[in-house]
Amino acid sequence: MTSTLQLLPLHENQYFQNSVLELLNDEWPQSKTIRMRRLERSCNELPLSYILIDNNNNNNNQLIGYCYIDRLLNEEQSIIVESVCIQRTLRGHGYGRILMKLLEDKLQERESKIQCIYLTTTDKRHFYEKCGYEETTPRVRLNISSKLFNGNEEVFKNLLANQTQSTTDNHVILQKGSTIQRIPTIWMKKQILK
């Protein structure tokens, strides 16, 4: 099964953007405009969106899944994986584990300084444990690849260093229409073996 699967950068395969948008909005509904802005940020550096493709589907590439990686503040040897998602009709066939393994291989290949992968989950803890991840303490998570952050790294680091109470939170805020919920989130990590 893995011989026909590829993990490819979304920005080099933009014709999949609408399919990815539909995949993500099927799982986590959000404004298409906001979602597309994030997808369009994918580049050769971080942040980076990856798509899992089956290239042996009657000579027609099929989107299997998606994930997004970005940097963590003040942790240059770590990245965070977000929005890991497999097509609903293809779940339960091992594609999630394949996506995570291919991602780890890509990170070892292209990001030699990365030693640790972090992620958060609300309901897939057991899946990630099977992939070798373990629960950890929450990290400071900012959208540090934002244009607003560029050039202001030291300001943010100083602000966070001077906080007297924890700035980490183990909840995610989900908004569906006018309803806002705080849902407990589990932080997980995996050491990358070099």
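Computed from heavy atoms alone, side chains included, the values below leave out hydrogens, waters and symmetry copies.
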Shortest non-hydrogen pair, P9 vs L48, comes out as CB-CD1, 4.1 Å

Does the side chain of I53 reach to within under 4.5 Å of the side chain of L5, using non-hydrogen atoms? no

I want to check something: taking the side chain as every heavy atom from C-beta on, are T121 and Y128 in contact at a cut-off of under 4.5 Å? yes

Can you tell me how far apart CD1 (I79) and SG (C116) are? Round to the nearest 0.5 Å. 9.0 Å

Is it true that R41 and Y68 share a donor-acceptor pair across their side chains at a distance under 3.5 Å? yes

Would you say the side-chain atoms of R97 pair up with the backbone N or O of C131, donor to acceptor, closer than 3.5 Å? no

What pair of heavy atoms forms the shortest contact from M188 to E135, and how long is it? CE-N, 4.1 Å

Please find the pair of heavy atoms, one from V81 and one from C67, that lie closest to each other, and give the distance. CG1-CB, 4.2 Å

How long is the gap from CG on L8 to CG on N61, to the nearest 0.5 Å? 8.0 Å

With a 4.5 Å heavy-atom cut-off, do S42 and Y50 have their side chains touching? no

N44 and H11: CA distance, side-chain angles, deciding distance, side-chain contact (heavy atoms from CB on, under 4.5 Å) verdict: CA-CA 8 Å; N44 287 331; H11 64 277; 2.8 Å; yes

Check whether any side-chain heavy atom of I80 sits under 4.5 Å from a side-chain heavy atom of W187, and report yes or no. yes

Cationic N near anionic O, under 4.0 Å, R88 to E27: yes

Quick one: do D123 and R125 satisfy side-chain contact (heavy atoms from CB on, under 4.5 Å)? Show the steps, please. CA-CA 6 Å; D123 61 348; R125 177 183 181 166; over 6 Å; no

Can a donor-acceptor pair be found between the side chains of N55 and Q6 at a distance below 3.5 Å? yes

Smallest separation among heavy atoms of G96 and F127, with atom names: C-CZ, 3.4 Å

With a 4.0 Å cut-off, would you call E104 and K190 a salt bridge? yes

Please answer whether the main-chain N or O of L7 pairs with a side-chain N or O of K106 as donor and acceptor at a distance below 3.5 Å. yes

Flag the pair L46 / R71 as yes when at least one side-chain heavy-atom distance between them is below 4.5 Å, and no otherwise. yes

I'd like to check T120 versus E82 (side-chain heavy atoms, cut-off strictly below 4.5 Å). Are they in contact? no

L119 CG to T185 OG1 distance, which is reported to the nearest 0.5 Å: 11.0 Å

Is the shortest side-chain heavy-atom distance between L107 and I69 below 4.5 Å? yes

Residues Y133, M100; criterion side-chain contact (heavy atoms from CB on, under 4.5 Å); working and verdict: CA-CA 11 Å; Y133 289 77; M100 295 304 291; 3.3 Å; yes

Rounded to the nearest 0.5 Å, how far does CD1 of I192 lie from CD1 of I114? 8.5 Å

Dump the intermediate steps for side-chain contact (heavy atoms from CB on, under 4.5 Å) on Q87 and Y95, then the final yes or no. CA-CA 9 Å; Q87 296 278 5; Y95 290 115; over 6 Å; no

Are I34 and L24 connected into the same hydrophobic cluster when the rule is that any two of I, L, V, M, F, W, Y join if their side-chain heavy atoms are below 4.5 Å apart? no

Any luck finding a side-chain donor-acceptor pair between R139 and T137 under 3.5 Å? yes

Any L21 side-chain heavy atom under 4.5 Å of M36 side chain: yes

Would a distance-only check, ignoring hydrogens and angles, find a side-chain to backbone donor-acceptor pair under 3.5 Å from R35 to E22? no

Positive for side chain to side chain contact (heavy atoms under 4.5 Å, CB included) with R38, one of P47, S49, S83: S83

